[in-house]
Amino acid sequence: MALATQPYKGARDFYPEDKRLQKYMFGIVRDTVERFGYEEYDAPILEPLELYLAKTGDEIVNEQTYVFEDRGGRKVVIRPEMTPTVSRMVAGRRQELAYPLRWYSIPNLWRYERPQRGRLREHWQLNVDIFGEHDMKAEMETIQVADAILKRFGATHDMYTVKVNSRKLMDFIMKEYLGLSTVQSQMAAKLIDRMPKMPLAEFQAEAEAIFTPSQRETGASNKLIGLLKIKQISHLPEAVREHESAKELKLLIELLKDARISNVVFDITVMRGFDYYTGIVFELFDNHPENNRSMMGGGRYDGLVGLFGVESVPTVGFGWGDVTLQNFLEGHDLLPNIRPETDVYVVLIGDIYAKAQKVIEDLREMGANVAVDISGRKADKQIQTAVKKGVRYAMFIGENEIKEELYEVRNLVTGVAERHSVSRIVSIVKDYREETS
RNA sequence: GCGGAUGUAGCUCAGUUGGUUAGAGCGCUGGAUUGUGGCUCCGGAGGCCGUGGGUUCAAGUCCCAUCAUUCGCCCCA
């Protein structure tokens, strides 16, 4: 059997047109987060298994990561997320860093599971984190960053919804208000996470099953179901509404609205899967009818840095996968047609290769990206190659051009051809590059 | 890990109740005055019909397995 040309299951090849798109997307993302003062960091793709076991130790590590033994017998994981890694880095230099710390990264991450829409085994994920700030202004800022990114892509607020909730508030509801045990709370949390995509009757049946008979008698299960239908903090029962975490959440929503992020809502079903969240959690939902899903999420996780045996550092951050971002942008038609980096494709007319070198060198020294057709084919074939590559300009070099030092340059999209000097041609292609970047 | 759908040329697909050497469009490639693309005309390459078994005189077609793709579930970084 022949060798397969397809990439590894759930992973992608980035052909030049794909890489071009990725560079465009990440370029806008980097530019935006850097405007908020975030600094880029990176780390090895491999981490010791213990790093993840310390954090959770559940199914995610055992069944959904790439784990192997290195030649020295150490258990190694291909990183499935960046949060433990960045927590490790902060813990390592906690005393010399200038807080509040604003860091970002776009690592390539791997998880072992069955691929589906918006979820591959391999993806790139923007991680934006603020370390060292207890105040809710940190949550506020990270949501502003996420919103600013979408704005830079041309998205408007009707295209997505910012959903916020609080783990602290949910803990209070589960334990104090409903009187659930820790185990019951965890079961309820997972069930609530699934609620948006299951029928109400089914949800009610499963919710009932979590409660003990005596709890059901006091109406605790009905109280839970009633709470989950609430869409505004002001509609929560007074005992819940007056809790500190509910007030904080309410203030966050007000601040965001004042900052013209009008598409923010309280959503009690937003839980986030990880146990490490300790406070406010949030998600951005795509409002597109055919892609109605969470495209990114994050929140406060104050305990992770402290796992490294140092004083804890309060942290807020989010992760945003390139696949879900791209699905969003495609769904709302926000991705332009991105041309290759090559500005000029040189078409050689006749046996002129050697004589053309000087001109080509001049073009490059002046900053133009120039590809030369070295096939020796007839001009029409050379032009077609340029068109197929998507290069904007074809430049013709023959005996006459060399003699006159004027070269025909043709815009391959409009078909307009003019004769210009080398320096004029460079300024034309640079102008075009400016226009489209 | 569980369930459904789909695998024929680079792409989109046709291929009768099993029956000669498997087809189309687009794309690719060569040519139609060797200094200029997109239209037109003529020629050409390209397929172990996903893979492996089975049934049959005969399998692209029927059966089983397997792999891949895809949609959902579980789970969610």
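Chain letters run A, B, ... following the sequence lines, proteins first and then strands; every chain starts at 1.
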Original post:
Counting only Watson-Crick or G-U wobble pairs whose two distances fall under 3.5 Å, which nucleotide matches U6(B)?
Top reply: A68(B)

**OP:** State the CD1-CD distance between Ile143(A) and Glu141(A), to the nearest 0.5 angstrom.
**Re:** 11.0 Å

Original post:
How would you label the contact of Glu122(A) with the nucleic acid (heavy atoms, under 4.0 Å): base, sugar-phosphate, or nothing?
Top reply: nothing

Original post:
If you measure from CD1 on Ile352(A) to CD1 on Ile397(A), what distance do you get to the nearest 0.5 Å?
Top reply: 8.0 Å

Subject >> Given Glu283(A), Lys231(A), Lys163(A), the one that forms side-chain contact (heavy atoms from CB on, under 4.5 Å) with Asp267(A) >> reply: Lys163(A)

Original post:
Paired with U55(B) by Watson-Crick or G-U wobble geometry, both distances under 3.5 Å: which nucleotide is it?
Top reply: none

Subject >> Under-3.5 Å donor-acceptor pair between Arg119(A) side chain and C75(B) base >> reply: yes

Subject >> Side chain of Leu412(A) - closest among G1(B), U36(B), G37(B) >> reply: G37(B)

Subject >> Under-3.5 Å donor-acceptor pair between Glu401(A) side chain and G35(B) base >> reply: yes

Subject >> Lys190(A) side-chain N/O to C74(B) phosphate OP1/OP2 under 4.0 Å >> reply: no

Original post:
To the side chain of Asn400(A), which of U69(B), A77(B), G35(B) is closest?
Top reply: G35(B)

Original post:
With respect to the side chain of Thr65(A), which nucleotide from A77(B), U69(B), U36(B) is positioned closest?
Top reply: A77(B)

Original post:
On a plain distance test, is the side chain of Arg410(A) in donor-acceptor contact with the base of G37(B) below 3.5 Å?
Top reply: yes

Original post:
If each of Glu283(A) and Gln116(A) is mapped to the nucleotide of RNA chain B with the nearest heavy atom, which maps nearer the 5' terminus, i.e. the 5' end?
Top reply: Gln116(A)

Original post:
Any side-chain N or O of Arg194(A) less than 4.0 Å from the OP1 or OP2 oxygen of C75(B)?
Top reply: yes

Original post:
Which parts of nucleotides 25-32 of chain B does protein reach within less than 4.0 Å, heavy atoms only, written one letter per nucleotide 5' to 3' as B for base, S for sugar-phosphate only and - for none?
Top reply: ---S-SSS

